[in-house]
Number of protein chains: 2
Amino acid sequence: MTRWLDDGEQRTWRAFLAASQRIQEELDRQLQRDSGMPHTYYAILVRLSEAEKRKMRMSELAGSVGSSPSRLSHAVARLEERGWVRREPCESDRRVSWAVLTDEGLAILVSAAPGHVEAVRRTLFDRLGPEQVEQLSEICMAILKGVEVQDPVLRDPAS
Amino acid sequence: MTRWLDDGEQRTWRAFLAASQRIQEELDRQLQRDSGMPHTYYAILVRLSEAEKRKMRMSELAGSVGSSPSRLSHAVARLEERGWVRREPCESDRRVSWAVLTDEGLAILVSAAPGHVEAVRRTLFDRLGPEQVEQLSEICMAILKGVEVQDPVLRDPAS
DNA sequence: ATAGGAAAGTTGAGCTCTCAAGTATTGTAC
DNA sequence: GTACAATACTTGAGAGCTCAACTTTCCTAT
């Protein structure tokens with residue numbers, strides 16, 4: 001027998017959908033308008049910029065941004081066309097390829113970041129109190145528990 | 001000067017992104033696999049099923065599911081092809097068209113709902129305590145404050 | 001009455017995402 | 001050492017989404 005959602009759960013669920021949808025769209029729109037890229041591309045550039053020597057294996061990178069191998073491959077192909085990322089073969093294992101953030105890619109990221117952070121503050125943090133931020137963090141970590149998330153920022157001790 | 005995110009905010013932000021992304025994808029995959037439709041189509045069918053006489057104006061429906069007019073128009077065109085929704089002209093205002101949920105559409109919705117609710121429980125509610133559900137609700141309402149949300153479920157008094 | 005603008009929808013092109021299938025390389029078992 | 005499977009990644013087709021442009025109908029001000 002299906003355990004349907006009660007009224008409170010229904011409200012919470014729809015509020016969650018609407019809120020996350022709104023934030024996604026707002027960020028996508030802002031980045032597309034101001035920097036000409038979707039949020040997923042921005043995330044790729046960010047991860048690369050944080051990596052050792054600004055390079056990561058495709059599979060690593062995919063895990064880190066939570067993308068399928070296919071999606072990442074397509075995305076990196078586009079980023080490569082723009083000259084923001086470059087692919088390099090791996091010597092030790094010829095199956096893997098490195099994605100390397102170029103100087104141009106880094107420059108774009110640097111120019112895009114302030115507006116993006118501003119949008120994140122405006123749509124999320126400015127609307128919440130400190131205790132709500134803490135609660136949201138724990139809620140999201142609970143949602144992610146047991147799911148393999150490769151983002152190093154989410155994997156360290158200090159819960 | 002840009003106010004960058006501190007470590008805690010950074011963690012919260014990435015956790016939020018990963019969590020909402022995971023839930024979106026899980027639901028989309030489940031619905032696509034089990035019922036052959038994306039989550040956005042499901043949401044449309046739900047709103048129509050709740051409406052008076054199972055019909056809504058396109059603009060109403062768009063506001064209710066948080067979609068652009070364009071997206072909704074495309075989506076309803078696909079739903080019409082499948083016979084799940086039908087368009088009817090409006091007598092009193094010939095600019096508007098009604099989207100009407102057909103019997104077939106309702107049947108599909110009824111068959112899809114249990115699996116969908118199950119997925120919602122599995123990915124969200126089963127992972128949170130009751131107080132976290134309450135917190136999440138308030139957080140999402142705060143994020144949505146000042147944003148025009150047309151979902152009637154989110155617009156009644158009991159905050 | 002009528003012109004100008006607003007509102008409701010639609011359409012098409014370009015882009016991203018998904019899914020399934022495919023290639024190439026590496027690891028493993030006998 | 002040679003099949004067989006697993007891994008890493010790519011590719012192509014189909015589908016949905018976005019954005020800008022467009023049509024039609026209604027409203028409003030003069």
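Everything quoted here is computed from the prediction, not taken from an experiment. The sequence lines fix the lettering, A, B, ..., with proteins before strands; numbering per chain opens at 1.
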- prompt: In whole Å, what is the span from the CD atom of A/Glu80 to the P atom of D/dC9?
  reply: 14 Å
- request: Select one nucleotide: of C/dA8, C/dT10, D/dG12, the one nearest the side-chain heavy atoms of A/His74.
  value: D/dG12
statement: Side-chain atoms of B/Thr40 come closest, of D/dG16, D/dG12, D/dC26, to D/dG16
A/Arg78 CZ to C/dC15 P, straight-line distance once rounded to whole Å: 9 Å
message: For B/Glu88, run the salt bridge (Lys or Arg N to Asp or Glu O under 4.0 Å) check against B/Arg54, B/Arg94, B/Lys55, B/Arg57 and tell me which one passes.
response: B/Lys55
field: Value in whole Å for how far the C1' atom of D/dA8 lies from CD of A/Glu88
entry: 17 Å
task: Assess the side chains of B/Asp34 and B/Gln30: does a donor N or O sit below 3.5 Å from an acceptor N or O?
output: yes
- prompt: Is a side-chain donor or acceptor of A/Arg121 paired with a backbone partner of B/Arg3 at a separation under 3.5 angstrom?
  reply: yes
message: Quick check for you: among D/dC9, C/dT18, C/dT26, whose closest atom lies nearest to any side-chain atom of A/Arg57?
response: D/dC9
query: Given atom CD of B/Gln24 and atom P of D/dC17, what is their separation to the nearest angstrom?
result: 11 Å
- prompt: Between A/Arg94 (CZ) and D/dC9 (P), how many Å, whole number?
  reply: 15 Å
query: How do A/Asp93 and B/Ser70 order along DNA chain D: which one's closest nucleotide is nearer the 5' end?
result: A/Asp93
- prompt: Between B/Arg71 and A/Arg87, which is nearer to the 5' end of DNA chain D once each is assigned its nearest nucleotide?
  reply: A/Arg87
message: Is it the case that the base of D/dT24 and the side chain of B/Arg95 share a donor-acceptor contact (distance under 3.5 Å, atom types as modelled)?
response: no
- prompt: Considering only side-chain heavy atoms of B/Arg29, which listed nucleotide, C/dG9, C/dC19, D/dA8, is closest?
  reply: C/dC19
- request: Would you mind classifying the nucleic acid contact of B/Arg33 as base, sugar-phosphate or nothing, using non-hydrogen atoms under 4.0 angstrom?
  value: nothing
Polar side chain donor-acceptor pair, A/Arg47 to A/Ser64, under 3.5 angstrom: yes
statement: Testing D/dC17, C/dT16, C/dT25 for proximity to the side chain of A/Pro38, the answer is C/dT16
message: Quick check on D/dA15: is either OP1 or OP2 less than 4.0 Å from any side-chain nitrogen or oxygen of B/Tyr41?
response: no
- request: Take the angle between the ring planes of B/Tyr42 and B/His116 and call it parallel below 30°, perpendicular above 60°, tilted in between.
  value: tilted
statement: Walking DNA chain C from its 5' end, the first of A/Ser67 and A/Ser92 to be reached, judged by nearest nucleotide, is A/Ser67
- request: Assign A/Ser97 to base, sugar-phosphate, or nothing according to its heavy-atom contacts below 4.0 angstrom with the strands shown.
  value: sugar-phosphate
task: Using a cut-off of strictly less than 4.0 Å, decide whether B/Ser59 has a side-chain nitrogen or oxygen near OP1 or OP2 of C/dG9.
output: yes
task: Could you tell me the separation between the CE atom of A/Met58 and the P atom of C/dA24, rounded to a whole number of Å?
output: 18 Å
field: Whole-Å gap separating C1' (D/dA15) and CG (B/Leu31)
entry: 16 Å
- prompt: Is it true that the side chains of B/Thr102 and B/Arg86 contain a donor and an acceptor less than 3.5 Å apart?
  reply: no
query: Quick one: B/Leu27 CG to D/dG16 C1', roughly how many Å, whole number?
result: 17 Å
